[in-house]
Amino acid sequence: MSDSTMPSQSGTSSIPPFRYSARLAADIESRWQDAWDAQGTFHAPNPAGPLKDAVAVGNRPKAFILDMFPYPSGAGLHVGHPLGYIGTDVFARFKRMQGYNVLHALGYDSFGLPAEQHAITTGIHPRVNTESNIANMRRQLRRLGLGHDPRRSVSTTDESFYKWTQWIFLQIHGAWYDTETERARPIADLIAAFENGDRPTPDGRAWSALSAGERHDIIDDHRLAYLSNAPVNWCPGLGTILANEEVTAEGRSDIGNYPVFKRNMRQWMMRITSYADRLLDDLDRLDWPEPIKLMQRNWIGRSDGARVSFSTSAGDIEVFTTRPDTLFGATFMVLSPEHPLVDALTTADQRTQVAAYQAEAAAKADNERQDDSQKKTGVFTGAMATNPVTGTDIPIYIADYVLMGYGTGAIMAVPSGDQRDFAFARAYNLPIVATQMPPASWFDARSIAPSADCSTWPEAFVGDGEYINSTNDSISLNGLTSIVDAKSRMNAWLAQHNLGEPTTTYRLRDWLFSRQRYWGEPFPIVYDEDGRAYAVPTQALPVLLPELADFKPTALSPDDATSDPVPPLARVTDWTRVTLDLGDGPREYRREVNVMPQWAGSCWYEMRYLDPTNSEVFIDHEVERYWMGPEHEGHTGGVDLYVGGVEHAVLHLLYARFWHKVLHDLGHVSSEEPFHRLFNQGYIQAYAYRDARGQTVPATEVEESGDNYTWQGETVIREYGKMGKSLKNIVTPDEMYEEFGADTFRLYEMAMGPLDASRPWNTRDVVGMQRFLQRLWRNIIDEYTGDSIVVDDASPEELVRHLNRTIVGVEDDFAHLRFNTAIAKLIEFNNALTQHVSAHKTSPISLVEPLVQMLSPLCPHLADELWFRLGHDSTVTYVPFPVADPSKLIEDTIEVPVQINGKVRARITVAPTASIEEHLELALALEPIIAALDGKTPLKTIVVPGRTVNLVVK
RNA sequence: GCCCGAGUGGCGGAAUGGCAGACGCGACGGACUCAAAAUCCGUUGUUCGUAAGGACGUGUGGGUUCAAGUCCCACCUCGGGCACCA
């Protein structure tokens with residue numbers, strides 16, 4: 001397909017005209033990229049649907065290899081961005097050579113806050129901005145030679161894409177969670193159950209006795225997507241509310257770092273908490289890094305405990321506790337300031353103080369409430385509750401360390417067994433009663449005498465200890481030593497007396513799903529005059545995002561907690577008013593003016609890669625089953641390899657799992673999980689330099705001498721961090737293409753370390769990979785003539801063995817994503833080949849061909865060029881990976897170290913099949929060993945054949 | 001505070017409990033060259049020794065083992081997650 005490469009143009013230079021230079025690489029690369037495009041080299045056939053090609057699918061195994069898709073930033077790429085893309089590309093190309101039907105594609109997450117914030121700062125419409133950014137990213141990534149199927153590159157902002165995002169929203173909206181079968185079911189099933197009386201209505205009236213509006217409200221209360229008047233995270237700086245996951249521990253926005261305030265607002269929520277158990281339990285069936293699983297487990301935060309009822313003048317109050325076994329030590333009770341019974345409980349003389357405390361707590365932002373974590377504040381309500389096991393009256397306080405959003409918003413306080421309760425009891429002089437006797441070591445460690453009077457303790461005791469003070473007429477825990485036993489005995493007693501039951505609570509909250517922004521998917525929802533929500537019929541999808549000249553949110557002061565969100569779509573009055581026939585004739589409705597959050601598109605995009613042009617369904621069943629279906633009974637199904645950064649551990653990865661499970665329950669997909677195997681790539685970091693004033697200086701202009709760094713003669717200080725504009729340390733792929741070419745750049749990124757580790761970028765080191773490729777090129781092509789030096793001669797036995805060793809090692813390394821060590825093995829082999837070539841001036845084809853094949857996943861352009869020059873007329877992409885000859889893997893002899901007391905003193909050379917006796921015989925005959933033994937007989941001899949001989953003396 | 005992960009030459013990093021430092025960068029020496037670049041060859045953990053050779057060496061301290069970078073315990077440092085979650 002190609003003409004022979006033009007000689008180098010650099011007239012004055014004495015560099016050989018056909019050297020593998022950046023110029024030559026650029027020429028090779030652009031020609032092969034065009035050829036791949038023209039021939040559709042990376043098109044992956046589907047078994048059904050619009051991209052069906054059953055013949056091409058054949059009976060090959062399949063591999064769906066996926067990158068976390070990027071949002072198209074206007075800043076362009078730096079060399080850190082493509083790390084994961086190169087990794088998946090190498091792996092995908094390797095799998096193709098192993099005979100797999102490989103699906104590898106990349107789309108764009110182009111809705112959402114980052115794109116919109118960028119549009120606002122530049123003043124350019126997000127659609128224009130987004131499209132030019134995507135075009136630029138496509139250009140930069142194409143230059144990298146990624147083997148993507150271009151037909152499958154979707155953007156979340158495409159109307160043909162977000163139509164289905166809205167459709168999936170309607171599926172979720174049209175479903176409820178059946179706790180009996182533990183899965184989502186269509187809302188029609190719920191209506192049927194109400195109608196035929198299988199399920200009672202909340203107030204017990206017959207379903208037919210309810211008004212249409214009442215029925216509507218009851219149904220809406222069960223939906224997986226529902227409207228809620230709940231405390232939300234209001235961020236005036238961004239003009240929108242945010243999900244819990246988008247708020248940092250400091251109470252600021254993840255994006256932009258603006259203050260976030262708690263506000264009550266009517267918003268769309270997703271009932272992700274219904275799936276808490278399955279999201280937690282199914283982690284066990286996923287091939288994910290353990291730390292990521294742990295982060296999700298912590299985020300879901302399941303804790304098993306019990307609900308216990310305490311009677312009060314205002315009725316029973318339920319508390320949640322993980323330690324029902326310590327109920328005898330509950331000496332007071334604390335409610336959240338927002339608890340609904342606070343008003344009813346508060347006595348007249350405490351009312352002023354309680355109201356003041358409530359107002360103070362409400363005014364505090366979340367972070368302030370968490371800040372003074374040591375100091376406990378609170379107010380007595382004046383009311384008392386009855387401890388159900390002791391029968392004593394205990395005071396009821398309100399305090400802001402009890403959160404309304406967790407458990408029941410009320411706790412029983414056991415100061416002897418809980419550090420926070422202990423601090424509160426100390427601060428307000430409340431009684432402390434021990435229910436467990438700490439072990440002697442506990443007292444020793446705190447230098448206090450064992451004493452039953454726990455008011456002298458310096459802190460609460462948490463752990464296993466003998467139960468004391470825990471008895472009444474009908475139950476006794478005294479003498480027990482195990483928390484588990486005490487809990488089950490107490491739980492049984494509570495159940496028997498109808499005072500409580502075991503229960504489970506979660507840290508996970510329902511997912512807040514509306515944003516008061518412009519650049520997102522409109523909700524397919526309309527409201528009637530009573531404010532009741534209705535789904536837009538699916539045939540009316542997509543609900544198009546109206547074009548807006550002024551897309552900016554109304555300017556708000558970031559610190560003004562009292563401001564209200566004004567969604568940009570609310571200003572488009574001719575769009576918000578719509579006449580629809582929802583079954584009872586045409587009526588006027590108003591549209592939902594919020595939009596979906598950034599995460600919506602990324603919850604399901606990977607499935608659209610599979611069937612990107614299907615206009616009938618979001619994905620064909622058979623296509624989904626083929627690429628993502630479970631491999632066997634108990635397998636979750638899902639993407640075969642998903643590579644991305646760890647920053648999505650709880651956001652994207654949790655939301656996408658949730659949506660996928662809903663779609664599975666409703667029968668739309670066969671897989672239970674979206675991503676079966678997850679791999680977290682590391683980050684490429686970089687050095688940055690600051691001068692004496694703390695200003696960053698351009699990293700490329702800094703000169704290094706030993707430990708000193710100078711910029712324009714001035715000493716600067718080196719720091720290590722992310723690559724970024726503000727640190728003036730960006731290196732772009734374009735610079736690498738210019739200086740070395742894409743193949744060298746790919747190779748360097750893969751060689752610099754293991755894929756999951758972060759490491760510093762060092763442009764200086766790239767030359768090593770270029771030299772390797774130049775040597776390899778020179779082993780095939782004469783640099784002065786451009787002719788091949790490959791011959792059909794026999795290869796020396798030693799090189800044949802080396803080649804076969806390399807094939808086995810490289811294949812294993814590729815399969816386990818250990819590209820850095822695979823490259824090292826290729827370099828070693830090529831170095832050995834170089835020796836042969838310098839001696840003979842020719843290269844045996846039987847060595848060179850496999851080398852080019854093994855190189856091709858890493859450096860596909862160069863490999864295709866060399867493959868072509870070796871006389872083949874098609875790409876090496878689908879040529880099977882070389883297979884090692886087992887007979888060439890066995891060495892004639894092996895060198896084995898001989899140790900005395902674990903220290904290597906000599907080496908023996910043995911046959912690979914040598915017995916233990918042969919090893920010993922040879923070892924004991926060695927001069928240095930005889931000398932070292934000095935006539936002594938070894939007490940013990942250890943021989944690991946082929947590995948080591950160890951002699952133990954004296 | 002709790003929970004993860006990681007500490008190996010000047011640098012990036014290799015090492016199924018079995019010869020620590022593969023491979024690459026840098027540095028040093030040599031060949032080629034009038035010279036330089038490029039290329040090729042060699043050396044390069046520290047230390048004692050003219051050498052042969054020896055001693056020490058994977059954050060620190062202890063332990064298990066014939067044998068530990070690797071396994072166990074405690075600690076230090078760095079990175080990350082969670083953080084009044086009852």
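Just so we're clear, the structure is a prediction, and the values are computed from it rather than from any experiment. Each chain gets a letter, A, B and so on, in the order the sequences are listed, and its residues count up from 1.
- Residues forming a side-chain contact (heavy atoms from CB on, under 4.5 Å) with A/T785 (at least two apart in sequence, or on another chain): A/D782, A/D787.
- Scanning for ring-ring contact (aromatic ring centres under 6.0 Å, His included) contacts around A/H919 gives an empty result, with sequence neighbours left out.
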Result block: side-chain N/O donor-acceptor pairs under 3.5 angstrom for residues 761-774 of chain A, not counting sequence neighbours:
residue, atom, partner, partner atom, Å
A/W761, NE1, A/T763, OG1, 2.7
A/Q774, NE2, A/Y20, O, 3.0

Polar atom pairs (N or O), protein with nucleotides 79-82 of chain B, under 3.5 Å:
residue, atom, partner, partner atom, Å
B/C82, O3', A/R507, NH1, 3.0

Do any N or O atoms of the protein come closer than 3.5 Å to N or O atoms of nucleotides 66-68 of chain B, and which pairs are they?
residue, atom, partner, partner atom, Å
B/C66, OP1, A/K940, NZ, 3.3
B/C66, O2', A/N950, ND2, 3.2
B/C66, O2, A/N950, ND2, 2.7

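- Listed by first then second residue, pairs satisfying side-chain hydrogen bond (donor to acceptor under 3.5 Å, both in side chains) with a partner in residues 939-953 of chain A read A/Q899-A/T948, not counting sequence neighbours.
- For RNA chain B, the residues of residues 745-753 of chain A within the heavy-atom distance limit of 4.0 Å (strictly under) are A/M752, sorted by number.
- Here A/R818 pairs with A/D812, A/D813, A/H816, A/N820, A/T821 under the side-chain contact (heavy atoms from CB on, under 4.5 Å) rule; sequence neighbours left out.
- Proximity of residues 755-766 of chain A to RNA chain B (heavy atom under 4.0 angstrom from any strand atom) is restricted to A/S758, A/R759, A/P760, A/R764, A/D765.
- Checked against side-chain contact (heavy atoms from CB on, under 4.5 Å), A/E891 has the following partners two or more places apart in sequence or in another chain: A/R801, A/R805.
- Residues meeting the side-chain contact (heavy atoms from CB on, under 4.5 Å) test with A/L341, sequence neighbours left out: A/I317, A/H339, A/L345.
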Protein-nucleotides 40-42 of chain B N/O pairs under 3.5 Å:
residue, atom, partner, partner atom, Å
B/C40, OP1, A/R778, NH2, 3.1

